[in-house]
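Remarks on the structure that follows.
All heavy atoms count here, side chains included; hydrogens, waters and symmetry mates do not. Lettering follows sequence order; numbering is per chain, from 1.
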Amino acid sequence: MPELPDVECFKMYLDDTSLHQEIVATEVPDPGILDGISARPFQMCLQGESMEATSRHGKFLFVHLKSPPCLVLHFGMTGYLDYARSNELPKHARVVFRFAGNGRLAYVCQRKLGRVTITDDREAFLQSHQLGPDALDEQLTDRGLAERFAGRRSAIKSAMMDQSMLAGVGNIYADEILFQAGIAPHRRVFELDDQAWRTIFRAMHRVLQTAIRKGAEVSRFPPTYLLRRRGQDGPCPKCNRQLKTTRLGGRRTCFCPHCQQ
DNA sequence: AGCACTGTTGGATA
DNA sequence: ATATCCAACAGTGC
């Protein structure tokens with residue numbers, strides 16, 4: 001479920017495997033994954049190019065080529081990258097970049113909810129997709145966050161997941177951040193005071209950075225993390241009482257009624 | 001066999 | 001303007 005930490009790890013993976021190699025061919029086994037461009041012109045854009053640098057905003061990964069436009073990857077809920085030197089492709093490979101020297105990078109997406117496209121202008125792309133600031137943007141402060149959310153009536157969890165408010169947090173990490181902050185997911189935005197915003201903001205940073213450091217692998221997360229027990233309706237990792245699973249805004253939501261108020 | 005569920009986005013609807 | 005709901009997608013489990 002690629003959210004900010006997962007995409008950050010994909011970015012590092014791409015940086016480690018795929019930079020500065022000439023793209024000799026691009027295969028698009030499933031053109032439906034392309035957004036606003038058909039296979040032929042997409043392939044033309046990449047022919048002879050090379051991936052020179054990457055950047056991330058929220059759940060979007062931008063791959064800057066030797067010359068514009070720039071490649072944009074979104075992973076939906078099942079997308080990931082796979083680099084190898086072999087001819088075999090993983091199941092559900094939707095786009096494959098072949099490099100000089102036998103390497104290839106596959107964009108894999110089982111459920112086809114992800115999208116691949118290109119853009120000449122990264123900032124314009126962010127604007128047109130109405131993306132809020134990245135959750136780890138260094139310019140972002142707890143006050144800035146509170147101000148962006150001001151006037152909203154929705155539950156804090158739904159607000160955090162709104163990519164036009166804040167980019168990068170999804171269903172999974174929203175649960176973890178609110179658990180670490182000790183704030184109940186159904187609390188309304190307007191009920192939160194400065195203290196609560198500060199707590200949420202700090203928890204957000206701590207959780208996202210910890211997740212990145214652990215390669216976004218839940219099994220490596222600290223034992224006090226909710227995600228390790230999520231979905232099992234087991235005991236709370238902090239107070240040992242029963243966790244609760246409900247629905248909020250149509251999304252599965254897991255929290256501890258005792259630790260989160 | 002058929003349905004619910006999974007999580008993300010975007011478009012429709014209230 | 002904001003909030004909620006559903007479709008799209010593929011696979012799994014009941």
Side-chain angles (χ1 to χ4, degrees), chain A residues 1-10 28-37 56-62 72-82 89-95 106-117 119 124-135 145-179 185-192 207-208 211 216-218 226-233 243-255:
Chain A
M1 306 119 245
E3 299 182 27
L4 188 154
D6 310 85
V7 179
E8 185 65 26
C9 292
F10 297 158
V28 190
D30 200 320
I33 214 79
L34 298 180
D35 196 12
I37 187 170
R56 183 191 56 71
H57 188 106
K59 304 173 189 176
F60 285 90
L61 180 59
F62 297 88
V72 187
L73 306 177
H74 188 279
F75 298 92
M77 63 184 263
T78 54
Y80 65 95
L81 296 174
D82 179 76
L89 289 176
K91 226 183 168 100
H92 313 299
R94 310 299 184 187
V95 181
Y107 167 91
V108 189
C109 190
Q110 181 200 101
R111 285 189 217 178
K112 299 188 194 175
L113 292 181
R115 286 295 174 262
V116 173
T117 190
T119 182
F125 180 90
L126 296 178
Q127 281 240 317
S128 68
H129 284 255
Q130 302 189 66
L131 286 180
D134 185 80
L145 191 65
E147 279 164 27
R148 282 194 76 78
F149 284 75
R152 294 213 135 210
R153 304 145 89 32
S154 63
I156 177 63
K157 179 180 172 185
S158 305
M160 286 182 75
M161 291 169 57
D162 182 341
Q163 301 297 299
S164 68
M165 286 287 124
L166 179 71
V169 177
N171 195 36
I172 299 289
Y173 284 98
D175 275 1
E176 185 66 66
I177 291 164
L178 290 170
F179 176 71
H186 49 266
R187 283 284 296 284
R188 303 268 150 179
V189 166
F190 58 74
E191 299 176 332
L192 303 172
V207 167
L208 295 176
E217 280 181 43
V218 171
L226 174 72
L227 292 186
R228 300 188 53 159
R229 314 248 182 122
R230 196 174 184 275
Q232 300 169 39
D233 261 349
L243 292 170
K244 197 168 178 181
T245 298
T246 57
R247 277 193 107 70
L248 199 164
R251 316 301 297 278
R252 188 162 71 102
T253 297
C254 184
F255 71 108

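- Using a 4.0 Å cutoff to heavy atoms of chain A, the contacted part of DNA chain C runs 5' to 3' from C:dA3 to C:dG11.
- Not a single side chain to side chain donor-acceptor pair (under 3.5 Å) links A:S158 to another residue, sequence neighbours left out.
- A donor and an acceptor atom never sit less than 3.5 Å apart when one is taken from the side chain of A:R115 and the other from the base of B:dT9.
- At the heavy-atom level, A:G249 lies nowhere under 4.0 Å from the strands shown.
- A:G170 comes within contact range of the sugar-phosphate backbone alone, with a heavy-atom separation under 4.0 Å but no base atom that close.
- Contact annotation: A:R247 side-chain N/O to B:dT6 OP1/OP2 distance is under 4.0 Å.
- Among residues two or more places apart in sequence or in another chain, the side chain to side chain donor-acceptor pair (under 3.5 Å) test is passed with A:E3 by none.
- For A:R148 (side chain) and A:A150 (main-chain N/O), no donor-acceptor pair under 3.5 Å exists by modelled atom type.
- A search for ring-ring contact (aromatic ring centres under 6.0 Å, His included) contacts involving A:Y80 returns nothing, not counting sequence neighbours.
- Across A:F60 and A:H129, no two heavy atoms sit closer than the pair CZ-ND1, 4.0 Å.
- Applying the ring-ring contact (aromatic ring centres under 6.0 Å, His included) test to A:F255 and every residue at least two apart in sequence or in another chain returns A:H186.
- Listed by chain and number, the residues in a salt bridge (Lys or Arg N to Asp or Glu O under 4.0 Å) with A:D30 are A:R94, A:K112 (sequence neighbours excluded).
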Listing time: all N or O pairs from protein to nucleotides 10-14 of chain B that are below 3.5 Å?
unit_1	atom_1	unit_2	atom_2	d
B:dG10	OP1	A:H129	ND1	3.3

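- Identified under the salt bridge (Lys or Arg N to Asp or Glu O under 4.0 Å) test for residues 159-170 of chain A, with sequence neighbours left out: A:R152-A:D162.
- Interface residues of residues 149-164 of chain A facing DNA chain C, ordered by number: A:R152, A:R153, A:S154; criterion, heavy-atom separation under 4.0 Å.
- Atom CD in A:Q130 sits roughly 12 Å away from atom C1' in B:dT9 (whole-Å rounding).
- When rounded to the nearest whole Å, the span between CD1 of A:I172 and C1' of B:dT8 equals 12 Å.
- Residues that satisfy the salt bridge (Lys or Arg N to Asp or Glu O under 4.0 Å) test with A:R187, not counting sequence neighbours, are A:E191.
- Mapping A:R111 and A:V169 onto DNA chain B by nearest heavy atom places A:R111 closer to the 5' end of the strand.
- For A:F179, the ring-ring contact (aromatic ring centres under 6.0 Å, His included) criterion is met by no residue, not counting sequence neighbours.
- Residues satisfying the side chain to side chain donor-acceptor pair (under 3.5 Å) test with A:D175, not counting sequence neighbours, are A:K157, A:R230.
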